[in-house]
Amino acid sequence: MSSIPKTEQSTSSQGFRKTGEQAISETPLHPRRRSRRIMVGPVPVGGGAPISVQSMTNTVTADINATLQQIAELAAAGCDIVRVAVPSQDDADALPIIAKKSPIPVIADIHFQSKYVFQAIDAGCAAVRVNPGNIRKFDQVGPEICKAATDAGISLRIGVNAGSLDKDIYARYGGPTPEALVASALKEAHMFEDVGFHDFKISVKHHDPVTTVQTYRLLASKGDWPLHLGVTEAGPSWQGTIKSCLAFGALLAEGIGDTIRVSLSAPPVEEVKVGCKILEYLGLRQRHFDIISCPSCGRAQVDVIELAKEVTEGLKDITAPIRVAVMGCIVNGPGEAREADLGVASGNGKGQIIIKGKVVQTVPEDQIVPTLLERAKEIAAQMDAKAAAQGETLPEAGPMVVPVTGRAS
């Protein structure tokens, strides 16, 4: 894949749309699908740009302080783009302050009322999620929305969920099949492109991960639009995490997808944590703290489950890419611990603390956790200091950028 050519971007009064360096991000598993690039504020989406993580606030948007507080928590967890719901006039009135004070780009989520779309654009939102399927008289207001977005230099997100499929398309295909969802998305895309607007991304969400994968594969074959991945109504935390990992893992491993949102019936910060880890484990985002721990079994001579839980909690704020191994017996323990930056091989009421393959200390079982935490923080501080000395920073959040060179077009 050759590098993506630099394109001119308009600049809004908020100073958005600065394309910056044309970075390419690749999974080691498959070349990225070619897609055109749009901007969501200063965050590039598509065109090989690093895959961004999105979430959505669950506060009442009109409660400005609560909404900004939650956005700050999402940004601290690694969120790149945040969406806020705008179902009322009070919510629309809050957008100028939220858009101005948010540390990450804000997308206004608009349904039914087209007037809120124009208010969101005027408020300085970085993008608008507009659903042509439920906007009243969209055939009339659609071109006006496209013109307003173009004038403001912002992008839009369009697309369909299984639960909001057009009735005629639903009847034609007999339900929310991959073909039906893609037909709906293509209809919307052509509505925008027919008036000369191309600065949009598409989502085609379904609650079933297999249908989701089939749908995005089909849509990806139809054009070069940047794609927003999501499994809609995925469910409670454990269930939704599994569904999202299955669908996102399959698609991202094939190079499909430019931005993601994990939808969970859980606090939004949990969505961001899952999304970031999916990208980390696929090699698409800078790895932060990672723990390797063995499953509990009859060979374990310590409570591995509790050890792993305590170590994870104690190091949850570490951003350095340190890998810690917590092992419960001598079968795999020493070997796995040697492969980590720091590890413990436990048994017989004690633990061997291993750093870079060498046993540096043996401690009683009740001192394993505090010793690991102390050593881990020392190693993390050394990593930070080394990066600073080299003029680098270990990112607290944000996608990993992997330049691609030497690949044929």
Side-chain angles (χ1 to χ4, degrees), residues 9-20 38-45 52-132 134-138 141-159 192 197 199-201 203 228 259 261 268-269 271-272 397-398:
Q9 301 285 356
S10 61
T11 303
S12 72
S13 59
Q14 288 76 28
F16 287 151
R17 313 277 296 176
K18 296 180 181 178
T19 304
I38 66 171
M39 300 297 294
V40 179
V43 177
V45 175
S52 51
V53 174
Q54 301 191 25
S55 186
M56 187 172 183
T57 57
N58 61 8
T59 57
V60 174
T61 304
D63 187 340
I64 294 173
N65 290 336
T67 300
L68 286 172
Q69 175 61 36
Q70 191 169 81
I71 291 174
E73 293 169 358
L74 292 170
C79 189
D80 302 298
I81 299 168
V82 65
R83 189 154 39 110
V84 299
V86 189
S88 74
Q89 185 61 55
D90 287 343
D91 298 314
D93 291 341
L95 290 176
I97 296 176
I98 292 172
K100 182 178 180 180
K101 293 188 175 182
S102 172
I104 54 179
V106 173
I107 297 178
D109 188 87
I110 312 292
H111 297 270
F112 307 114
Q113 293 278 5
S114 62
K115 66 178 182 178
Y116 297 151
V117 176
F118 298 103
Q119 283 188 251
I121 293 172
D122 291 340
C125 289
V128 178
R129 189 274 193 260
V130 56
N131 190 338
N134 63 27
I135 294 289
R136 299 185 184 103
K137 299 181 179 179
F138 188 81
V141 300
E144 297 175 24
I145 289 173
C146 292
K147 183 180 185 305
T150 299
D151 292 345
I154 71 167
S155 59
L156 301 175
R157 176 187 144 204
I158 62 173
F192 282 82
F197 188 79
D199 208 3
F200 61 87
K201 60 181 180 287
S203 64
H228 170 90
T259 183
R261 189 254 173 124
V269 165
E271 298 183 347
V272 174

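In this chain, residues are counted from 1 in sequence order.
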Q: Counting N and O atoms only, with roles assigned by atom type, does the side chain of Gln70 sit under 3.5 Å from a partner on the main chain of Asn58, one being a donor and the other an acceptor?
A: yes

Q: Please give me the minimum heavy-atom distance between Pro105 and Pro42, naming the atom from each residue.
A: CG-CD, 3.6 Å

Q: To the nearest 0.5 Å, how far apart are CD1 in Ile110 and CG in Asn131?
A: 11.0 Å

Q: Any idea which heavy atoms bring Val272 and Gly78 closest together, and the distance?
A: CG1-C, 3.7 Å

Q: Does the side chain of His111 reach to within under 4.5 Å of the side chain of Asp109, using non-hydrogen atoms?
A: yes

Q: Checking side-chain polar atoms at under 3.5 Å, does Asp93 have a donor or acceptor matched by the opposite partner on Gln89?
A: yes

Q: Say you draw a straight line from CD1 of Ile71 to NZ of Lys101; how long is it, rounded to the nearest 0.5 Å?
A: 12.0 Å

Q: What's the separation between atom CD in Glu144 and atom OG in Ser114, rounded to the nearest 0.5 Å?
A: 8.0 Å

Q: What verdict does the side chain to side chain contact (heavy atoms under 4.5 Å, CB included) test give for Ile104 and Ile81, after you've listed the backbone C-alpha separation in whole Å, the side-chain angles of each residue and the deciding distance to 0.1 Å?
A: CA-CA 6 Å; Ile104 54 179; Ile81 299 168; 6.0 Å; no

Q: Which atom names give the shortest non-hydrogen contact between Ala72 and Pro103, and what distance separates them?
A: CA-CG, 4.5 Å

Q: Considering non-hydrogen atoms only, spot the tightest contact between Thr61 and Ala85 and give its length.
A: OG1-O, 2.5 Å

Q: Please determine, by modelled atom types, if Thr59 and Thr67 share a side-chain donor-acceptor pair under 3.5 angstrom.
A: yes

Q: Are side-chain heavy atoms of Asp199 and Leu156 found at a separation under 4.5 Å?
A: no

Q: Under the criterion side chain to side chain contact (heavy atoms under 4.5 Å, CB included), I'd like the reasoning laid out for Leu95 against Cys125: C-alpha separation, chi angles, the key distance, then a yes or no.
A: CA-CA 7 Å; Leu95 290 176; Cys125 289; 4.1 Å; yes

Q: How close do Asp80 and Ser52 get, counting heavy atoms only, and between which atoms?
A: OD2-CA, 3.4 Å

Q: Given side chain to side chain contact (heavy atoms under 4.5 Å, CB included), test Arg157 with Arg83 step by step and report yes or no.
A: CA-CA 11 Å; Arg157 176 187 144 204; Arg83 189 154 39 110; 3.4 Å; yes

Q: Flag the pair Val141 / Val117 as yes when at least one side-chain heavy-atom distance between them is below 4.5 Å, and no otherwise.
A: no

Q: Would you confirm whether Thr57, through its side chain, and Val84, through its main-chain N or O, come within 3.5 Å as a donor-acceptor pair?
A: no

Q: Looking at every non-hydrogen atom in both residues, tell me the closest pair between Ile145 and Ile121 and how far apart they are.
A: O-CD1, 4.3 Å

Q: Please examine the side chains of Cys146 and Phe200, heavy atoms only from C-beta on, and report whether any two atoms are closer than 4.5 Å.
A: no

Q: Taking only residues two or more places apart in sequence or in another chain, which ones pass side-chain contact (heavy atoms from CB on, under 4.5 Å) with Ala127?
A: Val40, Ile107, Ser155

Q: CD1 of Ile98 to NZ of Lys100: how many Å apart, nearest 0.5 Å?
A: 13.5 Å

Q: Mark yes or no for whether Asp91, through its side chain, and Ser88, through its backbone, hold a donor-acceptor pair below 3.5 Å.
A: yes

